[in-house]
Asks: 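Before we start, here is the structure in question, set down as structure tokens.
Computed over heavy atoms, backbone and side chain alike; hydrogens, waters and symmetry mates excluded.
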Amino acid sequence: MRTRESGMPEESLWSSFFSVNETLTRLGLTSACGDAVDFGCGYGTFTIAAARIVRGKVYGIDIDPNMVRATCRKAHEEGLTNVIVEQRDFMSAGAGLADGGVDYAMLFNILHCEQPEALLAEAWRVLKIGGSLGVIHWKYDASTPRGPSMNIRPRSEQCLRWAERVGFHPLTTNAIELPPYHYGLTFIKP
């Protein structure tokens, strides 16, 4: 099942929206992290950067075969042997990872899906106790150049409530500003 309004802009435009390494640092990804998972890895923008940071593997999962190929190609070009990419419908079939097997999960620009709490629950399932969750989403602002329509675009407060209902504890209750168009949230699985 594709996420609602999941169309990706051209890669160059997409990459211009983020300072990728700074974003990952601000969302708590460090070299102390073992394995990580990127739900909806897209072009591999964050998957590849995370693979340069963590000491373990980074699993990139996406339903779109073009995105999977793009991420695989980048990992190969950079000589990264710790990137595992899979084409998978994680919304209906799960991530395909063991319970409690990863230290960090990325839900970046994806919680506008039809069942955000189900996706958060899958992230919860694959995270180790003490594992971290990073969330990024488009600001709730109609002037952003992209992003899902406002009627399905979650505010940071909504993401916070959804994650808490699943069992995550927020590491901060205020959204992390990720200029120019995004905010971030961080959570821990207690």
Asks: What's the verdict on side chain to side chain contact (heavy atoms under 4.5 Å, CB included) for Asp38 and Ile61, showing C-alpha distance, side-chain angles and the deciding distance?
Replies: CA-CA 6 Å; Asp38 187 359; Ile61 308 168; over 6 Å; no
Asks: If I take atom CG from residue Asn109 and atom CZ from residue Arg146, how far apart are they, to the nearest 0.5 angstrom?
Replies: 11.0 Å
Asks: Output the distance between atom SG (Cys159) and atom OH (Tyr183), rounded to the nearest 0.5 Å.
Replies: 3.5 Å
Asks: Asp103 side chain to Gly34 main-chain N or O, any donor-acceptor pair under 3.5 Å?
Replies: yes
Asks: Kindly compute the distance separating CD (Gln158) from CG (Leu111), expressed to the nearest 0.5 Å.
Replies: 10.0 Å
Asks: Would Val37 and Ile84 show up in the same hydrophobic cluster when neighbours are defined by side-chain heavy atoms closer than 4.5 Å?
Replies: yes
Asks: Given side chain to side chain contact (heavy atoms under 4.5 Å, CB included), test Lys128 with Val102 step by step and report yes or no.
Replies: CA-CA 6 Å; Lys128 296 176 179 176; Val102 298; over 6 Å; no
Asks: Do Leu24 and Ile53 touch side chain to side chain, with heavy atoms closer than 4.5 Å?
Replies: yes
Asks: Side chains of Ser149 and Asn151: donor-acceptor distance under 3.5 Å anywhere?
Replies: yes
Asks: Quick one: closest heavy-atom pair of Gly42 and Asp62, and the distance?
Replies: N-OD2, 2.8 Å
Asks: Examine the side chains of His112 and His137 and answer whether a donor and an acceptor come within less than 3.5 Å of each other.
Replies: yes
Asks: Think Arg155 forms a cation-pi with Tyr140, using NZ or CZ under 6.0 Å from the six-ring centre and within 45 degrees of its axis?
Replies: yes
Asks: Can you measure from SG (Cys41) to CD (Gln87) and round to the nearest 0.5 angstrom?
Replies: 10.0 Å
Asks: Val85 and Met67: same hydrophobic cluster, using ILVMFWY side-chain contacts below 4.5 Å?
Replies: no
Asks: Look at the side chain of Asn82 and the backbone N and O of Gly56, then say whether any donor-acceptor pair between them is shorter than 3.5 Å.
Replies: yes
Asks: I'd like to know if Ile188 and Val135 are part of one continuous hydrophobic network [Ile/Leu/Val/Met/Phe/Trp/Tyr, side-chain heavy atoms within less than 4.5 Å].
Replies: no
Asks: Looking at Arg26 and Glu177, is any side-chain nitrogen of the basic one under 4.0 Å from a carboxylate oxygen of the acidic one?
Replies: no
Asks: Less than 4.0 angstrom from a charged side-chain N to a carboxylate O is my criterion; do Lys57 and Asp35 meet it?
Replies: no
Asks: What I want to find out is whether Glu164 reaches Arg161 closely enough, with some N-O distance under 4.0 Å, to be called a salt bridge.
Replies: no
Asks: Between Phe187 and Val126, is there a shared hydrophobic cluster once you connect ILVMFWY residues whose side-chain heavy atoms come closer than 4.5 Å?
Replies: yes
Asks: Go through the steps for Phe46 and Ile136 under the test side chain to side chain contact (heavy atoms under 4.5 Å, CB included), then give the verdict.
Replies: CA-CA 11 Å; Phe46 291 98; Ile136 294 174; 4.1 Å; yes
Asks: What I want to find out is whether Arg73 reaches Glu77 closely enough, with some N-O distance under 4.0 Å, to be called a salt bridge.
Replies: yes
Asks: Between the main-chain N or O of Tyr59 and the side-chain N or O of Thr47, is there a donor-acceptor pair closer than 3.5 Å?
Replies: no
Asks: Can you name the nearest heavy-atom pair linking Thr71 to Gly44, along with the distance?
Replies: OG1-N, 3.1 Å
Asks: I'd like to know whether the aromatic ring centres of Phe18 and His182 sit less than 6.0 Å apart in this structure.
Replies: yes
Asks: Between atom CG of Leu27 and atom OH of Tyr104, what is the distance when rounded to the nearest 0.5 Å?
Replies: 4.5 Å
Asks: Looking only at heavy atoms, which two atoms of Val54 and Ala36 are closest? And how far apart?
Replies: CG1-CB, 4.5 Å
Asks: If you look at every heavy atom in Asn21 and Ala49, which pair is closest and at what distance?
Replies: OD1-CB, 3.6 Å
Asks: At their closest point, which heavy atom of Ala50 faces which heavy atom of Met106, and how far apart are they?
Replies: CB-CE, 3.9 Å
Asks: As a quick check of understanding, evaluate side-chain hydrogen bond (donor to acceptor under 3.5 Å, both in side chains) for Asn174 and Thr172, giving each step before the final call.
Replies: CA-CA 6 Å; Asn174 296 320; Thr172 178; 4.9 Å; no
Asks: Quick one: does Asn66's side chain get under 4.5 Å of Tyr43's, heavy atoms only?
Replies: no
Asks: So, taking the atom named CD1 in Ile48 and the one named NZ in Lys74, what distance separates them when rounded to the nearest 0.5 Å?
Replies: 7.0 Å
Asks: Would a hydrophobic clustering, with Ile, Leu, Val, Met, Phe, Trp and Tyr connected at side-chain separations under 4.5 Å, put Leu133 with Leu185?
Replies: yes
Asks: Would you say Arg88's side chain and Ala93's backbone share a donor-acceptor pair under 3.5 angstrom?
Replies: yes
Asks: Walk me through it: do Met91 and Cys113 pass the test side chain to side chain contact (heavy atoms under 4.5 Å, CB included)?
Replies: CA-CA 9 Å; Met91 290 302 296; Cys113 64; 3.8 Å; yes
Asks: Give the minimum heavy-atom separation between Pro148 and Trp138, together with the two atoms involved.
Replies: CD-CD1, 3.6 Å
Asks: Kindly say whether Trp124 contributes a backbone atom to a donor-acceptor pair with the side chain of Lys189 at under 3.5 angstrom?
Replies: yes
Asks: State whether the side chain of Lys139 and the backbone N or O of Thr144 hold a donor-acceptor pair below 3.5 Å, judged by distance alone.
Replies: no
Asks: Would you check if the side chain of Glu117 reaches a backbone N or O of Ala163 as a donor-acceptor pair within less than 3.5 Å?
Replies: no
Asks: Would a line drawn from the ring center of Phe39 to the ring center of Phe108 be shorter than 6.0 Å?
Replies: no
